[in-house]
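The sequence lines fix the lettering, A, B, ..., with proteins before strands; numbering per chain opens at 1. Given the structure is predicted, the values throughout are model-derived calculations rather than measurements.
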Amino acid sequence: MEAKNTSETTPKVGLNFIEAIIEEDIRNGKNDGKVYTRFPPEPNGYLHIGHAKSICLNFGIAKKYHGKTNLRFDDTNPVKEDVEYVDSIKEDIQWLGFQWHAEYYASDYFEQLYQWAIQLIEEGKAYVDDSTQEEISRQRGVPTAPGIESPYRNRSVSENLDLFQRMRQGEFPDGSRVLRAKIDMASPNMHMRDPIMYRILHAEHHRTGNQWCIYPMYDYAHGQSDSIEGITHSICTLEFEVHRPLYDWFCKALRIHHPQQIEFARLNINYTVMSKRKLLQLVQEKHVRAWDDPRMPTICGLRRRGYTPESIRNFAETIGVAKRDNVIDISLLEFCVREDLNKKALRTMAVLDPLKLIIDNYPEGQSEMLQAVNNPENKNEGVRSLPFSRELWIERSDFMEDAPKDFFRLTVGKEVRLKYAYIIKCESVEKDAEGKITAIHCTYDPQTRSGMPDSSRKVKGTIHWLSAAHCKTAEVRLFDRLFYVPNPDEVEEGKTFLDYLNPDSLQIINAFVEPMFINTNHLAHYQFERIGYFCIDKDSSAEKLVFNKTVSLKDTWTKHNK
RNA sequence: UGACCAAUGGUGUAAUGGUAGCACUACAGGUUUUGGUUCUGUCAGUCCAGGUUCGAAUCCUGGUUGGUCAACCA
């Protein structure tokens with residue numbers, strides 16, 4: 001064996017702040033040194049890249065410290081939740097490469113939560129309030145001034161018990177009463193001003209059906225659910241920071257296992273939106289085709305776009321975790337997927353904007369098979385055969401009539417290499433009545449076929465091509481950013497985020513591809529040489545190939561020309 | 001005119017009282033049968049003012065700026 005890298009034994013540095021807390025807890029023997037996390041989505045929408053950050057964090061930390069992670073659906077609001085979302089969430093987590101230790105639902109704990117509510121009532125720490133929603137809102141006051149106590153605040157324990165039980169029995173209509181925790185109406189923290197624990201909701205729940213007509217609020221359910229599961233570190237986003245005193249209050253009042261809530265800054269990416277509400281609106285109002293539209297920042301959208309789980313996990317790792325608000329540049333996500341696909345994607349040639357090229361000195365009717373490398377980054381992927389003939393398609397942008405001297409591609413009188421084939425020289429241009437170029441004529445040097453000694457001759461450029469008689473057609477969907485402004489959440493007066501939708505975010509074209517494409521799997525990744533990474537869309541069939549563009553190759557040439 | 005949280009290059013994130021580092025971006029160059037990859041290099045940072053200390057990005061005080069909180073949503 002070679003000597004091991006010494007970095008394995010050097011002390012760890014560069015921990016994120018959550019890992020630092022956990023390592024401190026482990027050193028102090030807190031929770032017997034155990035680490036138990038959970039990912040707690042509400043099943044009311046599809047997961048997006050922001051959730052991926054949280055998933056990677058929660059599962060990643062548990063793995064790093066030899067702990068476990070539960071999947072728990074936070075399903076305390078039956079009017080918004082649905083099994084459709086439960087299924088998609090599970091699929092997305094697994095696709096990302098994570099497996100939960102146990103699958104739970106907050107609704108599993110409804111009976112326990114109810115019993116704990118009884119306990120709090122008996123201890124004088126909760127009461128039934130008959131005030132209307134408006135009255136409660138008014139009593140609560142504003143952040144800068146204390147609220148006032150409800151007239152129902154000092155009901156007797158027996159009356160509270162009776163009323164709460166009758167709430168459960170379904171004796172009262174929706175919204176007529178709530179159960180509140182008796183804390184402090186003068187607290188500077190609004191969440192401590194006698195927060196609502198239960199509301200009456202005669203609604204069918206996706207799991208408990210019509211068993212309940214009172215449902216616990218987030219604050220009354222979340223910490224206790226963590227507690228029941230023995231979670232040690234309850235990691236959530238920053239907006240729950242002001243809820244932490246309440247989280248702690250319930251755990252203490254109930255004298256139950258007390259997990260530690262830790263908040264981190266959610267992910268933002270420029271040129272997109274990340275709120276579930278806005279994503280839902282994009283789908284419902286048909287600004288995109290579906291939740292898995294490749295322009296969406298949803299996990300399923302990214303998957304259909306051609307992103308790999310590895311690239312997303314690496315992205316989550318690279319952006320780090322901290323408490324300050326952040327906006328990640330979309331170019332980092334693109335870098336991560338290119339980095340992964342460069343290693344994995346098989347190379348192929350495709351022509352997106354075709355221009356006919358005729359090799360005048362190549363015999364008509366003749367063709368030959370040439371060898372092409374499948375992936376220069378991984379020679380184990382082998383080679384494939386490629387037909388070559390007299391009439392080819394090349395990319396229109398690879399020819400220019402009046403070319404600047406740093407244009408390495410084809411122009412009249414100059415040479416270029418056809419990748420894996422011959423060196424050709426451009427002789428003339430054919431145009432139509434409007435002056436548009438319809439074809440270009442070249443001659444080839446038969447001694448320069450790839451592999452021949454003369455092929456090592458220096459030529460400035462190499463371009464891709466396809467034999468017109470042999471190639472296939474395919475639909476190619478090109479995507480651009482969904483919004484044309486960096487921050488669509490920041491709207492001018494009188495506008496909404498929808499006003500910043502990029503009208504050109506989807507472009508569908510017909511293109512030519514290599515004849516090799518038959519019966520390929522959905523989501524198979526390819527690099528169209530010199531263009532970008534593409535994958536096969538699920539709309540593909542034996543009759544019609546459909547590709548999605550994942551991301552362009554880095555392109556210093558077009559950038560240079562801007 | 002409240003409470004809480006945060007502040008390090010253009011972006012993100014380390015440095016845990018002791019040399020401000022890494023990644024992305026941008027730019028320049030070497031290699032290249034992808035203007036890709038890869039390699040080398042360059043530009044660029046501790047919000048402000050005090051204090052503690054031999055020494056402060058780090059600790060303290062005050063300010064500034066940004067975020068969060070007033071659903072019977074989560």
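The nearest whole Å value for the distance from the NZ atom in A:Lys323 to the C1' atom in B:U13 is 17 Å. The distance from atom CG of A:Leu553 to atom P of B:U37 is 7 Å, rounded to the nearest whole Å. In this entry the distance linking CG of A:Asn326 with C1' of B:A14 reads 15 Å, nearest Å.
Nucleic acid contact class of A:Val321 (heavy atoms, under 4.0 Å, all strands): sugar-phosphate only. Within the nucleic acid shown, A:Arg244 has no heavy atom closer than 4.0 Å to any nucleic acid atom. Contact annotation for A:Val373: no contact, since no heavy-atom pair falls under 4.0 Å across all strands. A:Gly451 comes within 4.0 angstrom of a base, heavy atoms only. Among the atoms of the strands shown, base atoms are found under 4.0 Å from some heavy atom of A:Gln527. Counting non-hydrogen atoms under 4.0 angstrom, A:Phe407 reaches a base of the nucleic acid. A:Pro146 comes within contact range of no nucleotide atom at all, as no heavy-atom separation falls under 4.0 Å.
Under the 4.0 Å criterion applied to side-chain N and carboxylate O atoms, A:Arg384 and A:Glu514 are assigned as salt-bridge partners. Using a cutoff of 4.0 Å between basic side-chain nitrogens and carboxylate oxygens, A:Arg409 and A:Glu395 are not scored as salt-bridged. The existence of a salt bridge linking A:Arg27 and A:Glu24 is confirmed by a sub-4.0 Å separation between a basic side-chain nitrogen and an acidic carboxylate oxygen.
In this structure, NE2 in A:His191 is found 9.0 Å from CZ in A:Arg140, a value given to the nearest 0.5 Å.
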Problem set entry | Watson-Crick or G-U pairs under 3.5 Å in RNA chain B, rendered as dot-bracket with [ ] for crossing pairs and | for another strand | .((((((..((((....[..)))).(((((.......)))))....(((((..]....))))))))))).....

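Residues A:Arg72 and A:Asp226 share a closest heavy-atom pair of NH2-OD1, 2.7 Å.
With distances taken from any side-chain atom of A:Glu529 to the nucleotides B:A14, B:G12, B:U34, the minimum falls on B:U34.
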Exercise. Along nucleotides 66-74 of chain B, 5' to 3', which nucleotides get a B, which get an S, and which get a -, given that the test is a protein heavy-atom distance under 4.0 Å?
Worked result: -S-SB-BBB

Exercise. Can you give one letter per nucleotide of nucleotides 20-32 of chain B, 5' to 3': B if a protein heavy atom sits under 4.0 Å from the base, S if only from the sugar-phosphate, - if neither?
Worked result: ---SSSSS-----

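Judged as a ring pair (Phe, Tyr, Trp, His ring centres under 6.0 Å), and not counting sequence neighbours, A:Tyr271 has no contacts.
Residues in residues 313-325 of chain A take part in these side-chain hydrogen bond (donor to acceptor under 3.5 Å, both in side chains) pairs, two or more places apart or across chains: A:Glu241-A:Lys323. Judged as a salt bridge (charged side-chain N to carboxylate O under 4.0 Å, His left out), the pairs with a partner in residues 184-205 of chain A (not counting sequence neighbours) are, in order, A:Arg153-A:Asp194.
Look at A:Arg530 and you'll find a side-chain N or O under 4.0 angstrom from OP1 or OP2 of B:G35.
If you check distances only, the side chain of A:Ser450 does reach the base of B:U33 with a donor-acceptor pair under 3.5 Å.
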